[in-house]
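Encoded as structure tokens, the structure appears first; notes follow it.
Computed over heavy atoms, backbone and side chain alike; hydrogens, waters and symmetry mates excluded. Order of appearance sets the numbers: ligands from 1, and atoms from 1 within every ligand.
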Amino acid sequence: MTVSIDGQLKQAMKTLMDAGSDSPHIDAAVLLCHVLDKPRSYLLTWPEKELDAAQLAAFEAVMARRLTGEPVAYIVGEREFWSLPLKVAPHTLIPRPDTERLVELALEKLPAGACDVLDLGTGTGAIALALASERRDIVVTGIDLRPEAAALAEENRANLHIANARFLSGSWYSPLTEQERFAVIVSNPPYIDGEDPHLEQGDVRFEPKSALVAEDHGLADIQVISEQGRQHLESGGWLLMEHGYEQGAAVREILEVLGYLQVSTAQDYAGLDRVTMGCWQG
Ligand code: GLN
């Protein structure tokens with residue numbers, strides 16, 4: 001068997017394809033780059049370069065992990081979101097491209113000038129750091145129930161030199177004082193029904209259930225965030241939440257019953273209902 005970059009790459013792609021992976025090319029390339037500690041361009045520039053014994057062993061080890069279904073983002077410990085390289089860990093959800101839609105919509109709702117923004121269930125800090133990097137004049141607070149997640153988000157903040165974000169640990173709004181108010185509150189909360197068969201497939205099998213699953217058909221946390229959000233939104237402030245593609249109507253109803261105005265749902269890049277928002281006139 002050839003130990004060149006090109007040979008290893010082809011072999012790994014075939015192994016992943018035979019195992020039923022739906023992204024064998026990209027997975028093999030990302031894993032090999034991780035082992036070699038080189039950018040993707042290196043694989044194309046040096047296809048004949050041979051791996052040494054340690055690199056071969058390391059590549060075999062990460063391939064074995066991938067073949068058990070472990071997400072590539074957990075194996076390499078990193079995932080890009082909003083062009084920001086973020087560290088990820090098994091106690092955080094892996095940031096999804098569709099969540100960038102929530103960032104875009106939140107940026108549209110942000111008033112001009114300095115203001116405060118809250119990201120609930122921040123995980124890696126992805127949403128909070130994307131917003132803070134786009135708008136250096138705002139201050140973003142990210143909260144996560146798990147102290148390890150808040151610490152990881154803080155590490156990502158420091159690595160990216162983003163000064164206008166801070167991370168706290170606790171359940172939803174609990175680390176805040178009663179008086180704290182925000183112009184925009186965003187959240188990608190757990191919203192999957194515990195019975196959803198999709199929890200047994202692909203990457204989500206390895207992600208923390210606490211970041212994915214909520215009671216009451218996946219709506220329990222959205223309900224709490226919406227209810228208590230009224231205490232923490234400025235008058236005219238916006239609440240925006242990501243949710244499942246079949247939950248748009250239910251989330252609009254939650255917001256309307258609680259007295260939010262201008263309630264609407266926006267679609268993700270696949271055209272599916274994904275983010276519902278409402279304005280609070282306190
Ligand atoms: N969108 C994710 C999925 O369906 C779930 C994210 C979440 O629960 N917040 O895999």
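No heavy atom of Glu207 sits closer than 4.0 Å to any atom of ligand 1. Ligand 1 is never approached by Gly244 to a heavy-atom distance shorter than 4.0 Å.
For ligand 1, the atoms lying closer than 4.0 Å to a non-hydrogen atom of Glu242 are 1 (N). Ligand-side atoms of ligand 1 in range of Asn188: 7 (C), 9 (N), range being under 4.0 angstrom from any heavy atom. Of all the atoms in ligand 1, the ones that sit under 4.0 Å from a non-hydrogen atom of Val204 are 10 (O).
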Might you work through the side chain to side chain donor-acceptor pair (under 3.5 Å) test for Asp119 and Thr122, ending with a clear yes or no?
CA-CA 6 Å; Asp119 172 26; Thr122 197; 2.7 Å; yes
Show, in sequence, the C-alpha distance, side-chain angles and deciding distance for Trp82 and Glu134, and conclude whether the side chain to side chain donor-acceptor pair (under 3.5 Å) test is met.
CA-CA 10 Å; Trp82 201 264; Glu134 284 297 322; 2.8 Å; yes
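Protein heavy atom in closest approach to atom 10 (O) of ligand 1: Arg96 NH2, 2.8 Å. The nearest heavy-atom contact from the protein to atom 1 (N) of ligand 1 is Tyr191 OH, 2.7 Å. The protein heavy atom nearest to atom 4 (O) of ligand 1 is His198 CE1, 3.3 Å.
Pro71 and Arg66 get closest at one heavy-atom pair: CA-NH1, 3.7 Å.
Checked against the 6.0 Å centroid criterion, the rings of His243 and Tyr191 do not qualify as a close aromatic pair.
Taking the six-membered ring for Trp and thresholds of 30 and 60 degrees, Phe182 and His232 have ring planes inclined between 30 and 60 degrees apart.
Shown here is His217, whose NE2 atom has no more than 12 heavy atoms of other residues, nucleotides or ligands within 6.0 Å.
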